[in-house]
Structures are given as structure tokens and as C-alpha cells.
Amino acid sequence: MTVLLLRLAGPLQSWGDSSRFTIRATRREPTKSGVLGLLAAAQGRRRTDSIEDLLTLRFGVRTDQPGSVIRDFHSAIDWAKVKPMPLSNRYYLSDAVFVAGVEGDPTLVHGLDDAIKDPQFPLYLGRRSCPTEGQVSLGVRDGDLVEALKDEPWHAKTWHRRRQGRSVRLPIAYDAAPGQPGNTVRDIDTVRDIPLSFNPERREYGWRDVATIIKVVDNPNGTDEPDWFAGLEGA
């Protein structure tokens, strides 16, 4: 199979998968629905267009720089009626960096890579108010999705590296096969994150199983402070 790797970085990101009414939450890592939406936008697809081919892609993401969660207490006014809109709390990730990957048919993956490099619509990180920063496409790799995410160099900013220890754990979350085997899997979660339709009149999402493993990288720029969590490895 073939894998396309994406660098997802920006001042703000927001990846909601369970937002309701006045609470607009974000996950701590990009969602599959959000990244497939980004790819569809790059290709110039409308929300009512079919995305069946994109649903065949296997998805994974590595957290290189987790960022911090911030809250926006949001107010708005309908000036046509001079009427205040409902107050809301909207959550974002600030200063986060991720490496996301999609694995699938070579023709489809190479086409997506071309689209990301010359997008038809603006690219954003979960919400329109969160544009991408710098290079997005990291190129196409041959082979397995998880191995590609493991092998990709660490993309954290220098200031973040200096605040970490000499070794850093990078979580990798990816689409799990049914009955995911192996004792290297730290956790398996089930999330409603498969975008069956982006049509505003009938948005539909399905469920997927997500497995998580840890990639440990050396950090020459890190501090010599003791890693108090090292003893929890594999717990």
C-alpha cells in the first residue's frame, strides 16, 4: 500500500467529534473526519459530493507537539434583528503539531498529494478559523501506515523540544483492525468519527476503533530533569 503523510500545524486547531449545542469541544488529536474533509477540500469537492473513495483510506496520527487546550467564551449578535445569539464555549488546541497519515490505493494517494500541494479550497485544521501553517504535505511513502508514522522524523518546534526530557514519547493513534492483537497496543477506543456524509442537510458519522502505541524519540535539545513517568511505561 501507499501512505501520504501530512504535517498539521497552526496557531489554533479544533477537532470536534462530539460537540453539541453551546459546547464545542475538541479532541487532543486530529479526527479522521476532519482530515478527510481537508483532503476533500484540497480536491475541490463540495459538501454534497460523494466521498466513498476517501472512506477506503486507513488513517493514523502522531502527536509531535500536544499543545494546550484553550477556551473561547463566544458571543455574537444577529445585527439584522439586533438580537443576541446564544452564548457558547469553544475549545481549541494552541501551538500543536501533528503528523497524520492516510494509507490506500496508490493512484488515490498520489492524487491527494497533488491536491494538497495545489488546493482548490483553503485548508483548515478542523474549523475555518484555523488555517494551516507552512508545509502540509510531507510526501508519499511506500509501505504500512503505522511504520511510516514511526519512521517520520520528529516535527516539534525547537522551543518545545527544549522543554522536554532527553527522550520523548509520541503517541500514535491509528485505525485498528477488528480484534487488534499484540501487547504493544496501549489502548483501544471507539469513536464516532467516520464521515459517511458531509452534506449539511444530513451529516452522518460512523464508528471506528482506534488503537494507540508509543514511539520514543531521542531529544538532544532536552533537559536532564528526571522523567517521573518513565516507570509507567507499559502500565
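The figures that follow rest on heavy atoms only: side chains count, while hydrogens, waters and symmetry mates do not. Counting begins at 1 with the first residue of the sequence.
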Side chains of [X] and [Y] in contact at under 4.5 Å (non-hydrogen atoms):
X: D144; Y: V3; answer: no
X: L108; Y: T56; answer: yes
X: L57; Y: D175; answer: no
X: R127; Y: Y92; answer: yes
X: H110; Y: T2; answer: yes
X: P195; Y: L55; answer: yes
X: I194; Y: L36; answer: no
X: L6; Y: L39; answer: yes

Do [X] side-chain atoms and [Y] backbone N/O form a donor-acceptor pair below 3.5 Å?
X: D64; Y: V97; answer: no
X: T26; Y: W15; answer: yes
X: Q164; Y: N219; answer: no
X: T223; Y: R163; answer: no
X: R58; Y: E103; answer: no
X: T31; Y: G34; answer: yes
X: D49; Y: R46; answer: yes
X: D72; Y: R90; answer: no
X: T63; Y: Q65; answer: no
X: R62; Y: L149; answer: yes

Decide whether [X] and [Y] are clustered together by the hydrophobic rule: side chain heavy atoms of Ile, Leu, Val, Met, Phe, Trp, Tyr closer than 4.5 Å, transitively.
X: L54; Y: V109; value: yes
X: L4; Y: L123; value: yes
X: Y124; Y: V61; value: no
X: L196; Y: Y205; value: yes
X: Y174; Y: V217; value: no

Within 6.0 angstrom of E201 CD, more than 12 heavy atoms from elsewhere: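 Result for CD/E201: open.
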Within 6.0 Å of CZ in R203, more than 12 heavy atoms from elsewhere: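 Yes.
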Say you draw a straight line from [atom1] of [X] to [atom2] of [Y]; how long is it, rounded to the nearest 0.5 Å?
X: K117; Y: L112; atom1: NZ; atom2: CG; result: 12.0 Å
X: M1; Y: D142; atom1: CE; atom2: CG; result: 11.0 Å
X: L38; Y: F121; atom1: CG; atom2: CZ; result: 13.0 Å
X: R7; Y: S137; atom1: CZ; atom2: OG; result: 12.0 Å

Which atoms form the tightest heavy-atom contact between [X] and [Y], and what is the distance?
X: H160; Y: A156; result: CD2-CB, 3.7 Å
X: A96; Y: P66; result: CB-O, 3.7 Å
X: R166; Y: P220; result: NH1-O, 2.7 Å
X: G67; Y: R28; result: O-NH2, 3.4 Å
X: P30; Y: L8; result: CG-CD1, 3.8 Å
X: S167; Y: V216; result: CB-CG1, 4.1 Å

Residue pair D95, S68: steps toward the side chain to side chain contact (heavy atoms under 4.5 Å, CB included) verdict: CA-CA 7 Å; D95 291 325; S68 57; over 6 Å; no
Criterion side chain to side chain contact (heavy atoms under 4.5 Å, CB included) on F198 and R45, from CA distance to verdict: CA-CA 10 Å; F198 286 127; R45 302 194 197 198; over 6 Å; no
Side-chain donor-acceptor contact under 3.5 Å, D193 with S33: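 Judged by distance alone, the side chains do pair up.
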side-chain contact (heavy atoms from CB on, under 4.5 Å) partner of F98, the single match among V35, L125, L93: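 Among V35, L125, L93, the one meeting side-chain contact (heavy atoms from CB on, under 4.5 Å) with F98 is L93.
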Pairs satisfying salt bridge (Lys or Arg N to Asp or Glu O under 4.0 Å), at least one member in residues 149-160, at least two apart: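 Matches after skipping sequence neighbours: E133-K157, R141-E152, E147-K150.
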